[in-house]
Amino acid sequence: MTEATPLPPLPDHLSSDARSPFHVAAVFEHDIGIRFNGKERLDVEEYCISEGWIKVPAGKTVDRKGYPLLLKLKGKVEAFYR
């Protein structure tokens with residue numbers, strides 16, 4: 001049998017953008033999911049569990065540097081490993 005590697009704890013605030021100070025590369029080595037107000041979301045770029053918000057892209061709109069514009073949605077946030 002192979003021994004399972006322990007999963008790193010999910011942080012309270014996490015961003016998928018590598019330029020962000022809230023980016024934790026070890027967490028992204030595993031498949032994670034975000035449940036927002038009871039529904040699983042696949043388009044979450046950043047979340048904060050304690051403050052209760054997620055950031056999602058605003059369609060195909062980008063800023064002048066080519067990065068997607070993000071909308072902040074407030075509600076109940078749950079992060080989990082799939």
Side-chain angles (χ1 to χ4, degrees):
M1 285 198 207
T2 61
E3 192 173 313
T5 59
L7 297 173
L10 287 170
D12 176 60
H13 190 158
L14 183 67
S15 175
S16 62
D17 186 2
R19 300 170 294 139
S20 171
F22 299 107
H23 180 79
V24 180
V27 172
F28 289 105
E29 293 175 359
H30 308 283
D31 193 21
I32 62 170
I34 305 296
R35 194 171 293 119
F36 181 68
N37 290 337
K39 295 182 181 177
E40 189 169 348
R41 299 283 304 243
L42 302 174
D43 60 347
V44 176
E45 294 284 328
E46 187 173 350
Y47 73 81
C48 184
I49 296 172
S50 64
E51 295 178 12
W53 55 262
I54 62 171
K55 288 187 179 180
V56 295
K60 295 182 179 183
T61 309
V62 294
D63 65 6
R64 61 188 173 142
K65 294 182 180 178
Y67 299 113
L69 289 178
L70 301 177
L71 295 174
K72 188 179 206 180
L73 305 175
K74 295 187 177 200
K76 185 177 179 199
V77 180
E78 301 172 54
F80 58 92
Y81 283 109
R82 292 187 190 162

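Predicted model, so just to flag it, every value in this text is computed and none were measured.
Contacts of Glu78 classified as salt bridge (charged side-chain N to carboxylate O under 4.0 Å, His left out), with partners at least two apart in sequence or in another chain: Arg35, Lys76. Listed by chain and residue number, Glu45, Lys55, Pro57 satisfy the side chain to side chain contact (heavy atoms under 4.5 Å, CB included) test with Leu70 (two or more places apart in sequence, or in another chain). Qualifying salt bridge (charged side-chain N to carboxylate O under 4.0 Å, His left out) partners for Asp63, counting only residues two or more places apart in sequence or in other chains: none. Lys65 pairs by the salt bridge (charged side-chain N to carboxylate O under 4.0 Å, His left out) definition with nothing, not counting sequence neighbours.
Geometrically, Lys72 engages Trp53 in a cation-pi contact, judged by NZ or CZ lying under 6.0 Å from the ring centre and within 45° of the ring axis.
Note: Ile49 CD1 to Ile34 CD1 = 7.0 Å, rounded to the nearest 0.5 Å.
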Which pairs of donor and acceptor atoms, one on a side chain in residues 7-15, lie under 3.5 Å apart (sequence neighbours left out)?
from  : atom 1 : to    : atom 2 : distance (Å)
Asp12 : OD1    : Ser50 : N      : 2.8
Asp12 : OD1    : Ser50 : OG     : 3.4
Asp12 : OD2    : Ser50 : OG     : 2.8
His13 : NE2    : Glu46 : OE2    : 2.6
Ser15 : OG     : Asp17 : N      : 3.2

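Identified under the ring pair (Phe, Tyr, Trp, His ring centres under 6.0 Å) test for residues 57-82, with sequence neighbours left out: His30-Tyr81.
Here the closest non-hydrogen pair linking Gly75 and Asn37 is CA-OD1, 3.4 Å.
Cluster annotation: Phe22 and Tyr47 are assigned to distinct hydrophobic clusters (Ile/Leu/Val/Met/Phe/Trp/Tyr, side-chain heavy-atom contacts under 4.5 Å, transitive).
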For this session: Using the side-chain contact (heavy atoms from CB on, under 4.5 Å) rule, take Leu73 and Phe36 through it: C-alpha gap first, then chi angles, then the decisive distance, then the call.
Result: CA-CA 9 Å; Leu73 305 175; Phe36 181 68; 3.8 Å; yes

Problem set entry | Worked verdict on Leu69 versus Val62 for side-chain contact (heavy atoms from CB on, under 4.5 Å) | CA-CA 5 Å; Leu69 289 178; Val62 294; over 6 Å; no

